[in-house]
Amino acid sequence: MEDKKFIESLNEKNYIFRIGEVSKMTDVSPRQLRYWEQKGYIHSVRSEKMATRVFDHKNFVMVKLIKFYLDQDYSLTVSISKARKRMAEVSLTHDMVIAMHHGFVEKDGKTLMDMGYFDDKKQKRLYGYLNDDGHVSYLVE
DNA sequence: GTTCTAACA
DNA sequence: TGTTAGCA
């Protein structure tokens, strides 16, 4: 289970940024970030004794999403709404991919992703791989 | 040098 | 929302 430890060591949850860094990476001013936080659109963590904000990866992504919609001339409130919906979808996508990912196996010169049992009786296993056009092909065995 | 809060020619 | 002031 060394793989698991390695994955956890680089888990995005471990990445935190200060307001200046987030501002530069997202092109959102510190003033805006503080305001958005005050309104509850984003959240920062304040270490027990540390007086400065730190944003985790999740909130960094949220800022990027809000900015993405603002740049398309949506109002702030609409951007927030759209960003929250996207966040939920991205989060669900992440959870599902993690849950179905059972490693890779080599077959016929291809690298197949083992997606676990396909049926409730746990007799058929689902595999998938990317073909040349970028689409996923499936295999059940 | 950076971040914080509060306030506004 | 930008900017500035005065701190920590």
Side-chain angles (χ1 to χ4, degrees), chain A residues 1-122 124-141:
Chain A
M1 289 292 99
E2 287 302 313
D3 282 357
K4 190 172 183 179
K5 286 186 177 179
F6 174 70
I7 293 298
E8 290 174 349
S9 74
L10 49 73
N11 185 59
E12 69 275 6
K13 289 192 173 78
N14 297 327
Y15 292 81
I16 57 176
F17 313 103
R18 302 211 303 179
I19 195 169
E21 299 173 308
V22 174
S23 179
K24 287 179 182 176
M25 291 187 285
T26 62
D27 196 32
V28 174
S29 72
R31 175 76 170 86
Q32 282 176 299
L33 292 172
R34 295 190 186 99
Y35 176 70
W36 294 357
E37 182 187 12
Q38 180 200 325
K39 299 287 286 184
Y41 303 149
I42 56 177
H43 305 284
S44 68
V45 182
R46 300 243 201 177
S47 319
E48 310 74 47
K49 197 169 185 176
M50 189 179 289
T52 59
R53 301 170 167 75
V54 290
F55 295 92
D56 60 17
H57 179 265
K58 177 183 172 184
N59 282 281
F60 166 72
V61 173
M62 185 62 181
V63 173
K64 290 288 286 186
L65 276 173
I66 297 170
K67 175 63 173 171
F68 173 74
Y69 290 115
L70 284 177
D71 285 344
Q72 295 174 58
D73 287 331
Y74 286 109
S75 67
L76 179 58
T77 53
V78 171
S79 294
I80 295 300
S81 174
K82 287 180 173 291
R84 281 178 172 160
K85 184 177 181 181
R86 280 295 282 166
M87 275 295 282
E89 292 171 350
V90 168
S91 179
L92 180 57
T93 298
H94 181 266
D95 290 348
M96 289 191 66
V97 171
I98 293 299
M100 67 159 219
H101 190 286
H102 292 247
F104 291 102
V105 296
E106 298 293 329
K107 183 178 178 61
D108 298 334
K110 292 188 175 69
T111 301
L112 311 180
M113 181 191 284
D114 180 354
M115 301 182 185
Y117 289 110
F118 180 75
D119 57 332
D120 292 337
K121 293 180 180 177
K122 296 188 176 181
K124 296 178 181 177
R125 225 167 164 78
L126 177 65
Y127 299 90
Y129 63 93
L130 285 178
N131 46 45
D132 296 335
D133 60 9
H135 289 262
V136 180
S137 291
Y138 298 96
L139 184 65
V140 177
E141 285 190 338

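Letters go in sequence order (proteins before strands), and every chain restarts at 1.
Whole-Å rounding puts the I66(A) CD1 to dT1(C) P distance at 10 Å. Rounded to whole Å, the distance from OH on Y35(A) to P on dA6(B) is 15 Å. What separates OH of Y41(A) from P of dT1(C) is a distance of 9 Å, to the nearest Å. The interatomic distance linking I16(A) (CD1) with dT2(B) (C1') rounds to 16 Å, in whole Å.
Judged by distance alone, with hydrogens and angles left aside, the side-chain atoms of D114(A) form no donor-acceptor pair with the main-chain N or O of Y127(A) at under 3.5 Å. The backbone N or O of N59(A) lies less than 3.5 Å from a partner atom in the side chain of D56(A), making a donor-acceptor pair.
Shown here, dC7(C) forms no base pair; nothing in the strands shown gives a Watson-Crick or G-U wobble contact with both key distances under 3.5 Å. Base-pair partner of dA9(B): not found among the strands shown (Watson-Crick or G-U wobble, both distances under 3.5 Å).
Listed in residue order, the members of residues 19-32 of chain A having a heavy atom less than 4.0 Å from DNA chain C are S29(A), R31(A), Q32(A).
Ring orientation note: the planes of F104(A) and H101(A) are nearly perpendicular, at an angle over 60° on the 30°/60° scale.
Regarding contacts with the backbone of dT2(B), every side-chain N or O of R18(A) stays at 4.0 angstrom or more from both OP1 and OP2.
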**OP:** Apply salt bridge (Lys or Arg N to Asp or Glu O under 4.0 Å) to R86(A) and E89(A), showing your working.
**Re:** CA-CA 5 Å; R86(A) 280 295 282 166; E89(A) 292 171 350; 3.2 Å; yes
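Residues satisfying the salt bridge (Lys or Arg N to Asp or Glu O under 4.0 Å) criterion with D95(A), sequence neighbours excluded, are absent altogether.
Judged by the 6.0 Å and 45° rule, K124(A) forms no cation-pi pair with Y117(A).
Counting any heavy atom pair closer than 4.0 Å across all strands shown, R34(A) reaches a base atom.
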